[in-house]
Number of protein chains: 2
Amino acid sequence: MIDQGISKQTLQRLPFYLGYLKTLDKVTVETVSATTIAEALNLNQVQVRKDLASVCSLGRPKIGYVTQELICEIEHFLGYDNAESAVIIGAGKLGKALLGYRGFEEYGLNIVAAFDADENVVGTEENGKKIFPMSKLKNLCERMKIHIGIITVPAEYAQRVCDSLVESGILAIWNFAPVHLTVPEHILVQNENMASSLAVLSKHLSQKFSEEAQKIG
Amino acid sequence: MIDQGISKQTLQRLPFYLGYLKTLDKVTVETVSATTIAEALNLNQVQVRKDLASVCSLGRPKIGYVTQELICEIEHFLGYDNAESAVIIGAGKLGKALLGYRGFEEYGLNIVAAFDADENVVGTEENGKKIFPMSKLKNLCERMKIHIGIITVPAEYAQRVCDSLVESGILAIWNFAPVHLTVPEHILVQNENMASSLAVLSKHLSQKFSEEAQKIG
DNA sequence: TAGATTGTTAATCGATTAACAATC
DNA sequence: TAGATTGTTAATCGATTAACAATC
């Protein structure tokens, strides 16, 4: 058993490495050093080396890593080469935007359908993907062996939707609703937490302004 | 000067506390203890108390915190009561979804307009908000004293857009493009990192499956 | 050989958690 | 008074960074 000991932080940095590596010219940049990557992404060299060590086992002194190999290994590690299917619950603005976003396939995520409680939305399509009534959720998930659920409903419905997903055999939940979800131990919830991000942004600003004020005052 | 020493982690938990507190019945739940909050959100009691201590200075033994006061104080701390204006660059699916999302106002974010390089989109509206050509960015930001820029363009254009934003006097950037942005020291970049989230989700699944396989094998 | 770069071991740093005294 | 709950001080834990030996 490998990769038992990879930290969440490392995991979250890997897509950044991948993104950077892909910007490099395959022909001229055959190899790349941790130093170079670190500089480009504003990270510590040692951190980059440690992160990469948990994914691949190459890396030669004086030379670095073979760019193309590294890309393949990270992609493989992240599972980009064998896509997981997912469903979206909540076909509002955000849900539809995610349904329509083609970039996810590149990341190994295949959104197959959406579900909504609103009868006016049910039956319509977005980006060629159908929107079903909630009553069909469990059956479809089980039949298609779907393990990822994406929650894009308003906060007040999120926990109920979450429970339905768990009941439908979902193992991992990507939660866009700004609430804490309670789930059984074996289920993973990854919060995409816009409110938290905004908190960081707005605090940065208010601090900037109070610094300014102090300088002047 | 207060709040110099608040950690990013604390800051990111505050919206969760707020969300939970708002679900409580104002009439019956006059006060709330850190213990209760911690249990509801699956956090450590002491952590909740420390977080709250950095925002408010009440909290009475045996009683806890006055719910309504706590809500107000957190909202004030997060700046929800004096909204910041923002612009979106990139009026694709995601950009439009964010433009149309009314929830941000509740979080103290007021998106005033969008910008796009595509002539076909320029001039149209979304949720009553106009989409302008990139050439008007700087002028509008300066005139309206806008300090937050939201980047929803494809990865390859993100750095260029970022540079334009910095030039236009933006102080904080909310980046939805899956790339690292290089900015001057005083500018804050908050990455809304879908690729990273997906990495966490898909790794959880592949680990689950390899555990299963081991049990059987 | 000299220098760049690797991977590892140890030190530092910061956040979380545990223990405890203070208070209503 | 006894018990619940607070806030603080100390211990633990994990991640980042620094120092260094190994190697091409």
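A note on names: the letters A, B, ... follow the listed sequences, proteins ahead of strands, and every chain is numbered from 1. Any value given below was found using the heavy atoms of this structure, including those in side chains, with hydrogens, waters and symmetry copies removed.
- Residues Gln47(A) and Gln9(A) fail the side-chain proximity criterion, which asks for heavy atoms closer than 4.5 Å.
- Between the side chain of Lys203(B) and the backbone N or O of Phe77(A) there is at least one donor-acceptor pair closer than 3.5 Å.
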Taking only N/O atoms, report every protein-nucleotides 7-11 of chain C pair under 3.5 Å with atom names and distance.
from: dG7(C); atom 1: OP1; to: Leu58(A); atom 2: O; distance (Å): 2.6
from: dG7(C); atom 1: OP2; to: Tyr65(A); atom 2: OH; distance (Å): 2.7

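- Applying the 6.0 Å contact sphere to CD of Glu30(B) captures no more than 12 heavy atoms from other residues, nucleotides or ligands.
- Taking the ring-ring contact (aromatic ring centres under 6.0 Å, His included) definition, one finds that Phe104(A) meets it with Tyr101(A), Trp174(A), sequence neighbours left out.
- A heavy atom closer than 4.0 Å to some atom of DNA chain D occurs in Arg13(A), these being the qualifying members of residues 11-35 of chain A.
- Of the candidate nucleotides dC24(C), dA15(C), dT5(C), dC24(C) has the atom lying nearest to any side-chain atom of Ile63(B).
- Remark on DNA chain D: of its neighbouring residues Lys62(A) and Asp51(A), the 5'-side contact belongs to Asp51(A), judged by nearest-heavy-atom nucleotide.
- Listed nucleotides: dC24(C), dT5(C), dA15(D). Nearest to the side chain of Pro61(B): dC24(C).
- As a whole-Å value, the separation of Gln45(A) CD from dA4(C) P is 12 Å.
- Qualifying ring-ring contact (aromatic ring centres under 6.0 Å, His included) partners for Tyr20(A), counting only residues two or more places apart in sequence or in other chains: none.
- With rounding to whole Å, Gln9(A) atom CD is found 11 Å from dT16(C) atom P.
- As a whole-Å value, the separation of Ile6(A) CD1 from dG14(D) P is 16 Å.
- Between the C1' atom of dA15(C) and the CG atom of Leu43(B) lies a distance of 13 Å, rounded to the nearest Å.
- Side-chain atoms of Gln159(A) come within 3.5 Å of backbone N or O of Thr182(A) as a donor-acceptor pair.
- Counting only distance, with no hydrogens or angles, the side chain of Thr152(B) and the backbone of Gly90(B) share a donor-acceptor pair below 3.5 Å.
- In this structure, Ser85(A) contributes its side chain and Ile146(A) its backbone to no donor-acceptor pair below 3.5 Å.
- In terms of modelled atom types and a separation under 3.5 Å, the side chain of Thr67(A) and the main chain of Val29(A) share a donor-acceptor contact.
- Residues passing the salt bridge (Lys or Arg N to Asp or Glu O under 4.0 Å) test with Glu126(B) are Lys93(A), sequence neighbours excluded.
- Regarding Asn44(B), its CG atom lies at a distance of 16 Å from the P atom of dT12(D), rounded to whole Å.
- Looking at DNA chain D, the stems built from 3 or more consecutive Watson-Crick or G-U wobble pairs, each pair with its key distances under 3.5 Å, are C:3-24 with D:3-24.
- For the pair Gln47(B) CD and dT12(D) C1', the interatomic distance rounds to 14 Å; values are reported in whole Å.
- Classified by interplanar angle (parallel below 30°, tilted 30° to 60°, perpendicular above 60°), the ring pair Phe16(B)/His180(A) is perpendicular.
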